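Here is the structure we will look at.
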Amino acid sequence: MKRPALTGFAMACVLFLQGCAGWQSALDPKGPAANELAWLIWFFTALCALIWVLVMIALAAPLLMRPRAPSEPLVLNAGAEHRKLRVVLIAVAMTVSVVVGLTLLSFFANRTLAAIGSGAALTIRVTGHQWWWEVRYEDATPNRILTTANEIHIPAGEPVRLLLTSTDVIHSFWVPSLSGKLDLIPGRINVLDIKADKPGVYRGQCAEFCGAQHANMGTFIIAEPRARFDAWWNDQLRPARSPASGEAKTGEDLFLHRPCVMCHRIGGTPAGGTVAPDLTHIASRRTLAAGTLTMSRGNLAAWIADPQGVKPGAHMPVMELNGDELNAIVAYLEGLK
Amino acid sequence: MSSADVTSERDLPPERATVTKGDLAPEQDGPRDSGMDDASLHRWLARTWRTPPGIVGALSSVDHKVIARRYLITAFVFLCLGGLNAVAMRIQLSGPQRGLIGPDLYNQLFTMHGVTMMFLFAVPIVQAAGIYLVPLMVGTRNIAFPRLNAFGYWIYVSGGAFVWISFLLNMAPDVGWFAYVPLSGPEFSPGKRADVWAQMITYTEVSSLALAVATIVTVFKQRAPGMSLDKIPLFVWALLVTSFVVVFAMPAVMITSTFLILDRLVGTHIFNPAEGGDALLFQHLFWFFGHPEVYIIFLPATGMVSSIIPAFARRPTFGHLGLVLSLIAVGFLSFGLWVHHMFATGLPKLGASFFTASSMLIAIPNGVQIFCWLATLWDGRPVIRTPLLFVFGFFFMFVIGGLTGVMLASVPLDLQVHDTYFVVAHFHYVLIGGSVFPLLGAAYFWFPKITGRMMSERLGRWHFGLAFIGFNAAFFPMHLVGLWGMPRRVYTYPAELGWGNINLFISTGAVLFFLSFVLFTFNLIHGALKGAPAGDNPWDAGTLEWATSSPPPSYNFRRIPVVTNVEPLWAEREALPVATGLRVDVRELLVSTVAEAYPDIREKSATPSIWPLLAAIAVGGTFLYSIFTPWAIVWGAVPIAVTLVGWFWPKGDPEDEQ
């Protein structure tokens, strides 16, 4: 019985080392909040492991003893009982001090985390929808306000303030390599400050069960040097590119005359729907359908042709399109860099 | 009621030992057990206390052992169904992007798994163990309010059948066992699925409350003479505290589910933020029940551990008083920690820290329990039998679950692991390690009492090995995959996140764990049919349930025992002292005082009746109908009133006439 348990443990260790480096892992911190939390996780784990080992030793000890003399069970050795009482009291006192210590540690860690966002210059409003993220960059100048979806570009090395809310059900925003999670609750605004130490792409996903496609509600935080971030913002502010080819032009016409416009917005065209992701620069994003598919011509076509096959239950309806129409729309969207 | 004129042989104050005849005229009084020989006593009592023959007789039974057996078997069936849910989910998750189960079915599966395990298995089975054992352990002939007890069972079965038939009709709830609004509200869950969740809660809570009330009264008023508060067995204490937690916690969830039904059915906006309602209110109400719920499941298991350890350590538990006080402390504290389920909702930081402190605080009484049990075991090598093996497994896993619980209590740490597989690992370690393993140990321990036969020790050890390895293989890696970023309640995950291998490993462990239950089922059936005869007290344990035959007769004890010690059978090796004076021609119980358990009065116990079943059908039908129209409450009131009138119709007893 011991052997397989050991083998299992060894396998777990191997798997552990294998999976430690991920782009969505609390153990692979890339920002000050996640760093603090990873340290906290390791400290708690080490202390808990130590306590567990001590308890297991205490449990195994009687197995090595001789069996109790076959006297009557009610006959107890008063001296031994007294010694046990002392040991139990010491153990309880230790428990109390560990509990108090960990409570204080946790309290001060929380204060450290709260200080991370001080001086955040950039505010981004993230609104949860079933099953995608609306991302709005706030700015004092109204024409610099930018709305995009699912991917959040931030300047690396700077604290960024996220205002989290929802218009339908409760979601939870979680990018483990940068910070802990916080819920998006309809009727409330929660504030989460994040900071990425270095440029990079950090994956996150919804952590509160939000219905059929909870599993496919991913997001990416793309941290860039400040200059590149500013360039990105400016680029995103311009209206959509006009179609470059005849096929794309047909695609634009189809898009504007089919139900697509009821839900989606494309800047610079009459398409002004706001219940689904803004598509003005859709082709500049890495993924489709909130992290479900990587961006490519084929996946665009698959998603438009059969959204319910790709993401069953999603609110994107099936359009009646023939092959040419589909190709045209894909050609148009592909050009929206 | 008749005042007690019960004679006991000793240890009662003189003024109580023989109470003179009460207010009933002698001609109304029937034969008593005083001075009657054993054989004729058995004939009398067997005739008075038997469950009537035939199907109607069986459906009318109010014997706590019969009801409890039905409860145990039904809850075990639900455990197997919930386990099948889990296996289906694990097959879907065994690799990235598997297409075996789609989101619609998967979301129903994990909801059904949670609902079944929490409401249809864990709570009912610990309460059922209580209604079987508590009357035996306190030395009485039946549970208090036996018809209410029977009613509780019928409501429970109809609730369970309701939700599982809904599942077969593809209308099982798919909003999680917690059913957070707005997701479960009228706008985002059209159809009847969320109503099934809300109404299933009502069924199971009614039944749970019925059992809790019966247990509390049994413990307070029906203890054998001499069983003062300091001599109550720890299992009985555990059930008493649990029952109080049920009484205070369950109303919170009934309010939650009723508000949800009102929002969905008659358009109130209690939880709708757009109309001035509040979505978080639901979570507060739900977890005000939901956290004590964990202790409702766990505390009886500690009672089982406290019963098994002394029998195999061959000595009474160390620190009996400390253990009792810990039970009570845990019961109280369990109401002060609900917010740690809501740290990610963005509560004020200082307020959240308060709940960190209270959540960590509960580690102290639980620590006291662990240390007292360990100290009990330190007298020498215990007798290693299957029940004790499961208790060792309990220590191994529950301590892990308790320590990860301390981690989750920390607000900042929780924000990383909340709603990830780390939490899934944590609460399975607590619930399976802390409750199911003691329950399995208890099954081996009390099986001989219930059936009169032993389960196979050899198979038992294999069962333990398989369950232990399967469980840890399935759930330990979940800690890791949670830290690597895998959230709960996802029906699939992308391949590039690298969770595939570890999930395959987890799924293999889960299948092993499931197979251990197949082996257990075989051992149960084999033991019931072919097990070696057990005798009254196969483990030479010390509490009263072992004083009567295995299985116990319908009347439990020929004569009511008198208790002189926490472990009465160890204190009185020759023969238990007994109290006599109860009538044998009618169902009569001895009611004793709350603190000292002095015999106080003789009280009639209810006879078998079909009305609890009929009332349960009326109530269950009303609940079912009410997910379709609020008028169900109006129309349903009629049959409910009729059945309750039938139930409580005076029988013309002199007692009723007074």
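Hydrogens, waters and symmetry mates are skipped; everything else that's a heavy atom, side chains included, is used. None of the values given here were measured: they were computed from a predicted structure. First the proteins, then the strands, lettered A, B, ... as listed; each starts at 1.
- In the displayed structure, A:W52 atom CH2 is contacted under 6.0 Å by more than 12 heavy atoms of other residues, nucleotides or ligands.
- Among B:F392, B:F422, B:F343, the residue with the largest count of heavy-atom pairs under 4.5 Å with chain A is B:F392.
- Considering only heavy atoms from C-beta on, A:L40 comes within 4.5 Å of B:S410 through its side chain.
- A salt bridge links A:R188 with B:D278; the closest basic N to acidic carboxylate O contact falls under 4.0 Å.
- Heavy-atom distances place both the backbone and the side chain of B:E496 under 4.5 Å from chain A.
- Taking CG from B:L415 and OG from A:S179, the interatomic distance works out to 8.0 Å, rounded to the nearest 0.5 Å.
- With contacts defined as side-chain heavy-atom distances shorter than 4.5 Å, the pair B:S353/A:N110 qualifies.
- Between A:P62 and B:R381 the shortest side-chain heavy-atom distance does not fall below 4.5 Å.
- Contacts of B:W499 with chain A are made by side-chain atoms alone, with heavy-atom separations under 4.5 Å and no backbone atom involved.
- For the pair B:A363 and A:V99, the tightest heavy-atom approach, listed with the atom from each and the gap, is CB-CG2, 4.1 Å.
- Across B:V566, B:V181, B:L374, B:L413, the residue that shares the most heavy-atom pairs under 4.5 angstrom with chain A is B:L413.
- Heavy atoms of B:P494 lying under 4.5 Å from chain A belong exclusively to its side chain.
- Two residues are said to be in side-chain contact when any heavy atoms from C-beta on lie closer than 4.5 Å; A:E208 and B:R489 meet this criterion.
- Looking at A:F44 and B:L403, their side chains never come closer than 4.5 Å, going by heavy atoms from C-beta outward.
- Most heavy-atom pairs under 4.5 Å with chain A: of the set B:I364, B:T492, B:I384, this distinction falls to B:I364.
- If you measure heavy-atom distances from A:L76 to chain B, the contacts under 4.5 Å come from the side chain alone.
- For chain A, the nearby parts of B:P182 are the backbone and the side chain; heavy atoms of each come within less than 4.5 Å.
- Nearest heavy atom pair, residue B:G485 against residue A:Q205, reads O-OE1, 4.5 Å.
- Contact record, A:A207 with B:P487: CA-CB, 4.4 Å, taken as the closest heavy-atom pair.
- With a 4.5 angstrom heavy-atom cutoff, A:L85 touches chain B via backbone and side-chain atoms both.
- For a residue to count as touching a neighbouring chain, one of its non-hydrogen atoms must lie under 4.5 Å from one of that chain's; by this rule B:F178 touches chain A with the side chain only.
- Interface check for chain A: of the options B:K349, B:R573, B:E567, the most heavy-atom pairs under 4.5 Å are formed by B:R573.
- Heavy-atom pairs under 4.5 Å with chain A peak, among B:A313, B:G346, B:A344, at B:A344.
- A side-chain donor from one of A:W174 and B:Q416 sits under 3.5 Å from a side-chain acceptor of the other.
- Judged as a side chain to side chain donor-acceptor pair (under 3.5 Å), and not counting sequence neighbours, B:E187 has no contacts.
- Side chains of B:Y491 and A:Q213: a donor on one and an acceptor on the other come within 3.5 Å.
- Proximity to chain B is limited to the side chain of A:I185, based on heavy atoms less than 4.5 angstrom apart.
- For B:A375, the parts lying near chain A are the backbone and the side chain together; criterion is any non-hydrogen pair under 4.5 Å.
- For B:F110, the part sitting under 4.5 Å from any heavy atom of chain A is the side chain, from C-beta outward, and nothing else.
- Proximity to chain B (any heavy atom under 4.5 Å) is shown, for A:L63, by both the backbone and the side chain.
- Chain A forms more heavy-atom pairs under 4.5 Å with one residue of B:L466, B:V481, B:T420, B:I400 than with any other, namely B:I400.
- Only the side chain of A:Q130 comes within contact range of chain B, judged by heavy atoms closer than 4.5 Å.
- Minimum interatomic distance between A:A58 and B:W378 (heavy atoms only, all atoms of both residues): O-NE1, 3.0 Å.
- A:N77 does not touch chain B: none of its heavy atoms, backbone or side chain, sits under 4.5 Å away.
- Within a 6.0 Å sphere centred on CE of A:M94, heavy atoms belonging to other residues, nucleotides or ligands number 12 at most.
- At a 4.5 Å heavy-atom cutoff, B:D104 makes no contact with chain A through either its backbone or its side chain.
- Ranked by heavy-atom pairs under 4.5 Å with chain B, the list A:V100, A:V55, A:V175, A:L113 is led by A:V55.
- Taking the charged nitrogens against the carboxylate oxygens, A:E72 and B:R315 have no contact shorter than 4.0 Å, which rules out a salt bridge.
- Between B:Q283 atom CD and A:I170 atom CD1 the span is 4.5 Å, to the nearest 0.5 Å.
- B:L347 contributes atom CG, which lies 8.5 Å from atom CG of A:N190 (distance to the nearest 0.5 angstrom).
- Neither the backbone nor the side chain of A:S166 comes within contact range of chain B, judged by heavy atoms closer than 4.5 Å.
- For A:A91, the parts sitting under 4.5 Å from any heavy atom of chain B are the backbone and the side chain alike.
- Closest non-hydrogen pair, A:M56 versus B:F395, comes out as CE-O, 3.6 Å.
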